[in-house]
Amino acid sequence: MLDLRYVVDHLEEVKALLETRGVRDAALFERLSTLRKGRSEAIQLAEGRRAELKRHSDEMAKIADKKSAEFAEKRAALRTLGDEIKTHEAKLMEIEQELNALLLELPNLPHESTPVGASEEDNPVVRVIGERPEFEFEPKDHVELGTSLGIFDFERAAKLSGSRFSVLRGAGARLERALTQFMLDLHTEEHGYTEVWPPILVKDSAMRGTGQLPKFAEDAFRIARDDADAEARELYLIPTAEVSLTNLHADEILDGASLPFGYTAYTPCFRKEAGSYGRDTRGIIRQHQFDKVELVRFCTEEQGLDELERLVSHAEEVLKRLGLHYRVVELCTGDMGFAARKTYDLEVWLPGQNAYREISSCSYCGDFQARRMKARYRPASLDGKKAKPQLVHTLNGSGLAVGRTLVAVLEQYQRADGSVVIPEALRPHMGGLEVIEHPAG
RNA sequence: GGAGAGAUGGCCGAGUGGUCGAAGGCACCCGCUUGCUAAGCGGGCAUACUGAAAGGUAUCGAGGGUUCAAAUCCCUCUCUCUCCGCCA
């Protein structure tokens, strides 16, 4: 969420910045300004009256004889005043509700360093790492490889759950687990992340905190329960562990000295993929349920940009250790996610598609999520005075999407006979297995 | 699922209608003291909104209600703890 005061005080700047993200709505900004003024007036009116009421109430406390005519008279007058206050406060609540609804729908402002552009075509490539693998044969895609190796079973997945679900078996299932464990070990042992095992079913307040709601409700799986009260009547399957991890510190004031720090978690993720009909229907690139190892970091405003570079390097390290060829692109304003100010995507090379595909997205969100979540920190105290709490800055990135990593391993490490070499870094997690071979016969 | 107890500031804990944004203690910060020494004394120490400022307003788990006035009374809900049942 953007800071209302900032938006209103820098209307033209905000308008221009949001336009680079595709938000074009002059009336909206007019409305925000009007509401902001109305809010101020309503508050002053309501609070002025309430102060008056309190003053008179205190006086009534001093009247010894509660049955006197004086007392009765005063009480009648104050009752009217009380009703008046209620009217003003109702008006105020109405304004705040509308303001809030409008602000919750606005995306974050891009960072000044974020390239301006309309779509993914405009994302600059930052660097390319490793060599594109060359094959003496026509490389197969992961579907062909996995199916013939007997490690994918799409028919049975469809039988159980329909399209966009998959069954992994044997070495395939083991590979998924090995990748997960490899990533978690790397991030906890070498990158300093605290491993977390979070809920994957969360309240809508958590989804709102990170920005999935209210705007992107159509892409979330919602679990309705008729046995709970209003607040937990609807739970959501997380589309990413970013939701669980970031909201861990909602409504908290962290110790400034603890920043920066990071959490990592392995979780399944769930997405309806509404609006992507026909896209990536083949294989396990785009699934309703997939595994991801997520990285989330909390820091101060000053640390933000450095932290983003650090986060990206942590995700990249996974690809490097696996020996996978990839590139880093920076997302332009038109392609960036709702909560992000600046984002790098890691795109891994998929020989079967002859294309680079997103395998990680690392974003710096500034105070956008923190404002929604009320997540703050207290800076170190200055000359004896307790410093005021500040909004924390949040970052998140995949480290990495496990299923897509599995795809990349299959496709980049395939051999002419359709077998797949296991990258060395994974072998300890695969019980020493070096090659996934065709089943005997 | 059944029975009961509770929720107050960073923590502990007092407070049953007005003088309570809230005693006291601990922790923390600043200063003083330095022959009572893992000590003593003084002061400070919630968050947010509003206002140029002084100040004002809100917040005692959440929401609603009664009242001129609610941490205190009433209603609904949530969470935590204990016991029983069930269960991975």
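Below, chain A is the first sequence line, B the second, and so on; all start at residue 1. For clarity, every value in this text was computed on a predicted model and none was experimentally measured.
- Residues A/Arg39 and A/Glu96 are paired through a salt bridge, judged by an N-O separation under 4.0 Å between the basic side chain and the carboxylate.
- For the pair A/Leu391 CG and B/U47 C1', the interatomic distance rounds to 13 Å; values are reported in whole Å.
- A side-chain donor-acceptor contact under 3.5 Å links A/Asp219 to the backbone of A/Ala274.
- Across all strands shown, A/Lys388 has heavy atoms under 4.0 Å from sugar-phosphate atoms exclusively, and none from any base.
- Look at CG on A/Asp251: it is 12 Å from C1' on B/U47, rounded to the nearest Å.
- Nearer the 5' end of RNA chain B, as judged by each residue's closest nucleotide, is the contact made by A/Asp58, out of A/Arg36 and A/Asp58.
- Taking all atoms of both residues into account, the shortest heavy-atom contact from A/Ile359 to A/Leu400 is O-CB, 3.9 Å.
- Atom CD1 in A/Ile200 sits 8.0 Å away from atom CD in A/Gln289 (nearest 0.5 Å).
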* **Derivation of the side-chain contact (heavy atoms from CB on, under 4.5 Å) call for A/Leu346 and A/Leu319** => CA-CA 9 Å; A/Leu346 305 187; A/Leu319 290 166; 3.9 Å; yes
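- At a non-hydrogen distance threshold of 4.0 Å, A/Leu78, A/Arg79 from residues 77-86 of chain A come into contact with RNA chain B.
- Considering A/Leu350, A/Val348, A/Leu145 as possible partners of A/Val407, the one that fulfils the side-chain contact (heavy atoms from CB on, under 4.5 Å) test is A/Leu350.
- The aromatic rings of A/Tyr193 and A/His187 sit perpendicular to each other, their planes meeting at more than 60°, with 30° as the lower class boundary.
- A salt bridge links A/Arg321 with A/Glu317: at least one charged nitrogen is closer than 4.0 Å to a carboxylate oxygen.
- We find that CZ of A/Arg39 is positioned 6 Å from C1' of B/C49, with the value rounded to whole Å.
- Taking atom P on both B/G44 and B/G25, the two are 13 Å apart, rounded to the nearest angstrom.
- Pairing partner, B/A3: B/U82, with both Watson-Crick or wobble hydrogen-bond distances short of 3.5 Å.
- Set against B/A48, B/G18, B/C49, the side chain of A/Arg376 has B/A48 as its closest nucleotide.
- Ring pair A/Phe261/A/Tyr263 is perpendicular by interplanar angle, where above 60° counts as perpendicular and below 30° as parallel.
- Comparing B/A23 with B/A14, their P atoms sit 14 Å apart, to the nearest whole Å.
- When distances run from any side-chain atom of A/Ser57 to the nucleotides B/U19, B/U50, B/C68, the shortest one goes to B/C68.
- Counting any heavy atom pair closer than 4.0 Å across all strands shown, A/Arg378 reaches sugar-phosphate atoms only and no base atom.
- Here the P atom of nucleotide B/G17 and the CE atom of A/Met60 are 18 Å apart, to the nearest Å.
- Atom CE in A/Met93 sits about 18 Å away from atom P in B/C49, given to the nearest Å.
- Note on A/Arg371: nothing from the nucleic acid sits closer than 4.0 angstrom, heavy atoms only.
- For B/C68 and B/G15, the C1' atoms lie 23 Å apart once the distance is rounded to whole Å.
- The same atom, C1', is picked in B/C77 and in B/C26; the two are 34 Å apart, to the nearest Å.
- A straight line from CD1 of A/Ile95 to C1' of B/U50 spans 14 Å, rounded to a whole angstrom.
- Going from atom CD1 of A/Ile253 over to atom P of B/U47 covers 6 Å, rounded to whole Å.
- In this entry B/C41 has B/G31 as its Watson-Crick or G-U wobble partner, both defining distances falling under 3.5 Å.
- Atom name C1', nucleotides B/G1 and B/C11: the rounded distance is 36 Å, in whole Å.
- Look at the C1' atom in both B/C73 and B/C60: the space between them is 16 Å, to the nearest Å.
- Both distances falling under 3.5 Å, in either a Watson-Crick or a G-U wobble arrangement, occur for no nucleotide opposite B/C36.
- Atom name P, nucleotides B/G9 and B/A46: the rounded distance is 13 Å, in whole Å.
- With a cut-off of 3.5 Å on both Watson-Crick or G-U wobble distances, the partner of B/G55 is given as B/U50.
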* Could you go step by step and tell me if A/Phe165 and A/Phe154 meet the side-chain contact (heavy atoms from CB on, under 4.5 Å) rule? -> CA-CA 7 Å; A/Phe165 285 92; A/Phe154 292 109; over 6 Å; no
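- Remark: the separation of the C1' atoms in B/A58 and B/A71 is 14 Å, to the nearest Å.
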* **Criterion side-chain contact (heavy atoms from CB on, under 4.5 Å) on A/Leu201 and A/Tyr236, from CA distance to verdict** => CA-CA 5 Å; A/Leu201 216 43; A/Tyr236 293 83; over 6 Å; no
* Structure fact -> Heavy-atom contacts, protein to nucleotides 53-63 of chain B, under 4.0 Å, summarised as B (base), S (sugar-phosphate only) or - (none) per nt, yield ---BBS-----
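- Pair check for B/C68 finds B/G18; Watson-Crick or G-U wobble, both atom distances under 3.5 Å.
- Checking B/C11 for Watson-Crick or G-U wobble geometry (two distances, each under 3.5 Å) identifies B/G25 as its partner.
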* **Stepwise side-chain contact (heavy atoms from CB on, under 4.5 Å) test for A/Thr114 and A/Cys332** => CA-CA 6 Å; A/Thr114 297; A/Cys332 70; 5.7 Å; no
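- Distance A/Leu45 CG to B/G51 C1': 15 Å, rounded to the nearest Å.
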